[in-house]
Structures are given as structure tokens and as C-alpha cells.
Amino acid sequence: MKKFDKDRLILGFAGPVLALVVALALTTVVLLASGRNPFEPYRIMFESASYVDVQVLIVNQAGTYYLAALAVAVGFRMNLFNIGVDGQYRLAAMMAALVGASVSLPGPLHIALIVIVAMLVGAFWAGIAGFLKTTRGVSEVVSTIMLNSIATALVAWLILPKNFGEQPAGSNNLTTGEIAESGWFPGLPMGDQAGEIYGFTFVAAGCGLLYWFVLNRTRFGFDLRATGASESAAQASGVDAKKMILTSMLISGAVAGLAGMPTLLGDTHTYSLDFPTGIGFTGITIALLGRNNPLGIAFSALLIAFLDKSSASLDQYGYEKEIATIMQGLIVISVVVSYELVRRYGIRRQQQKVGEELAAGHAIKTEKEAAL
């Protein structure tokens, strides 16, 4: 039976806790410097989050963030930085909405088709970066950033009325057309005033369980983690590192494609110009804060969703809702700094423990020799 490692558990929690404390302290300093009450915004946000309708919004937003963060985490575990999740997510949602609005099928088949299209498009777009890295050695950071821009331009072109989009009468918005009700994913009603929790939010939770199982209980997960830790060592043990890189990018893109499904299937039922953007970049923050752990990512997604939705009422009290954006930015900076501090402390602590064990072993050996 594996021995419980208390130090490892403490160090695992120390990073995100320290990051949050530092981010909170720095935000308070910013409020003080601007001549504002440093505690009132927090009270307003927590009071806002006590309402059921806001809680539903937080949970729904967290589901979307969770899928985006899982997509980022898959790449991180392979030592890949898939910064193109946002482009993969938007292009996948766009194409899935186009296909969903153009067909009429029985409910389960209609939903399945939309989801499969989203995953395939996301995987294809991420696979381009994976292919370039494995065949030409192009950094996935550079290629995915460029693919984000291409995806933005491609979506803008596809949604034009002269191509595949529609422009509702009396509106400047452009859409892909509404998906028939057979393609709507049923949610969990929370009352007339509160709305419903998207059904796909529960699918997102299931994806987290699948991510944990594959990563920790399968040969593929072991090969993925081994390749991420040391590509040369993995190759020496018989793992095809290039194949693992490409496969990881494909999986990451497929999960990124799912990130748009809670909103598309549970709320808008169409892709339009005002479809949420920036989800992929928020996913990077959440994956970092959650340390690529499915449970840690879940708490991080809820935290960021809380900051997003509870801050909407700040402007009613004379505070800018951008305070939450400042906190999110400070969390990113604090995560990088705090994790490095914790890592260095962990190394020193490990060296100290080894030294103590060696000293104890030497003392026992000396006692035995003296007794003889």
C-alpha cells in the first residue's frame, strides 16, 4: 500500500492557496490606491452570489470553463502549450451550429451529430499544430497563436449571409440559423426565476472523470505523462514520442471543441457574432491554478466563474466590474510566482529529509559498530 505523503499534499495545496492570497492582497492594494473601500466589493460579490439565478449562471459558466481548461491540461501533461484552444472552440462551435441547423434528426442523433462535428473540427484544427510540430519541429505555441487568427477570419467569412450565415430582420447580428428543438440538450430546471443548469455541464463533469481515469489508470495515460516528463526517456522505453504529441494535440482539440456545447445546446441554439469569446485563454488560467488536476480545475473554474458573474452588480454600487478582471490577471501572475516558490521550497525540503535520513542511518550504523 502506498504511503500517504503529507508533505506532497501540503505542497500541492500551498501553490494555489498562496496564489489566491497574493492576488486578493494585491487587489486590495489596488482598491486602496484608487481611494476605494478595499472590502466593500467583496461583500457585494458574495451577496450577489447568494441569489439562485446568479448561482445557476456561475455553474453554467464553470462548465464551459472546465472543458476549456481540460483541453489545456491535456497539452500541459504532455509538456505542450495549446494556446489555440480559443480558436479551436470557436471554429468547432460555428461548424457544429451550421450542421445542426441544416439537418433534422431524432433528438439523440441530432445532439450526437452536433457534438461529434464539434469534436472533429476542434481535433482537426489542433491537429494542424501537432502535425507541424512532429514533422517540421514548429513550436505549438507559435502555430496555435497563428491558427487562432486564421480561425477568427474563417469564422467571420463563413458567417457572412452570402456564404452560410443569416442576418435576422431588423438586426445587425449574423447567425448560423437556429438549431431545431430536437438538437437542444435538456437541462436541470432550477425554478422560473433562476432558469436551468445546462445539461452539458454534467457531461463536462463526466469528461473530468474520464480525464482522470485515462491519465492515471491506463497505459496511454502513463505513456503520455512519461513523454511529457522526458521525451528522450520515453523513446528509449519504446514509446513513439511523435505519435504521442500528435495524439495529445488531437485529444486537446477535441475537448476544446466540446467547450462551446453547453452554451450552444443549452442556451443560444445558434452561433452568432455575440457568441462568447476568450474562453480558451481563461481555460489556461484555470488549468494553471488547478495544477492540471481534474478536481483542482473544477474548483478553479467555479472561482473564475464566480468572479465573472458576481462582479456584474458592482457598477450598481459605483465600483467598476473590471475589478474581477484585475483579480483574474493577478491570479495568473501569482500562480507563476507562487508555484515557483513552492517548487523551490519542496526541493529544499526533500534535500533536508534525505540528509536527515542519511544522518539517522549513519548514527544507527555507528551504534551497531560500537556495540560489537
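Since this is a predicted model, take the numbers as computed values, not measurements. All values below were derived from every heavy atom in this structure, side-chain atoms included, with hydrogens, water molecules and symmetry-related copies excluded.
Counted by atom type alone, T152 and R90 present one or more donor-acceptor pairs between their side chains at under 3.5 Å. Using a 3.5 Å distance cut-off with no hydrogens or angles, the side chains of S171 and N173 do not pair a donor with an acceptor. With no hydrogens or angles considered, a side-chain donor-acceptor pair links D308 and Y65 at under 3.5 Å. In this structure, a donor-acceptor pair under 3.5 Å is absent between the side chains of N82 and T144.
The backbone N or O of E196 lies less than 3.5 Å from a partner atom in the side chain of N60, making a donor-acceptor pair. Side-chain N or O atoms of T175 include none that pairs as donor or acceptor with a backbone N or O of T270 at under 3.5 Å. Looking at S313, its side chain never comes within 3.5 Å of a backbone N or O of S48 through a donor-acceptor pair.
Residues passing the side-chain contact (heavy atoms from CB on, under 4.5 Å) test with D192: none are found, sequence neighbours excluded. Considering only residues two or more places apart in sequence or on other chains, K321 meets the salt bridge (Lys or Arg N to Asp or Glu O under 4.0 Å) condition with none of them. R225 is linked by a salt bridge (Lys or Arg N to Asp or Glu O under 4.0 Å) to nothing, counting only residues two or more places apart in sequence or in another chain. For F81, the ring-ring contact (aromatic ring centres under 6.0 Å, His included) test picks out F76, with sequence neighbours left out.
The list of ring pair (Phe, Tyr, Trp, His ring centres under 6.0 Å) pairs with a residue in residues 144-199, not counting sequence neighbours, reads W184-H269, F185-F200. For residues 85-133, the set of pairs meeting the ring pair (Phe, Tyr, Trp, His ring centres under 6.0 Å) definition, not counting sequence neighbours, is empty.
Taking hydrophobic clusters as Ile, Leu, Val, Met, Phe, Trp and Tyr residues chained together by side-chain heavy-atom distances below 4.5 Å, V29 does not share a cluster with L18. Hydrophobic clustering (ILVMFWY, side-chain heavy atoms < 4.5 Å, transitive): F275 and L160 are in one cluster.
Here the closest non-hydrogen pair linking I58 and A49 is CD1-CB, 4.2 Å. Across all their heavy atoms, L158 and N163 have their closest contact at O-CB, 3.7 Å. The minimum heavy-atom distance linking I323 with L31 is given by the pair CD1-CD2, 3.7 Å.
To the nearest 0.5 Å, the span separating CD1 on I251 from CG on L70 amounts to 12.0 Å. Remark: M244 CE to L80 CG distance equals 10.0 Å, nearest 0.5 Å.
Open room surrounds CD on Q193; 12 or fewer heavy atoms of other groups in view lie less than 6.0 Å from it. With a 6.0 Å radius and a threshold of 12 heavy atoms from other residues, nucleotides or ligands, F220 has its CZ atom above the threshold.
Using a 4.5 Å heavy-atom cutoff, the side chains of S252 and V72 are not in contact.
Salt bridge annotation for K242-E231: absent, with no cationic side-chain nitrogen under 4.0 angstrom from a carboxylate oxygen.
V117 pairs with exactly one of I114, V121, L120 by the side chain to side chain contact (heavy atoms under 4.5 Å, CB included) rule, that one being V121.
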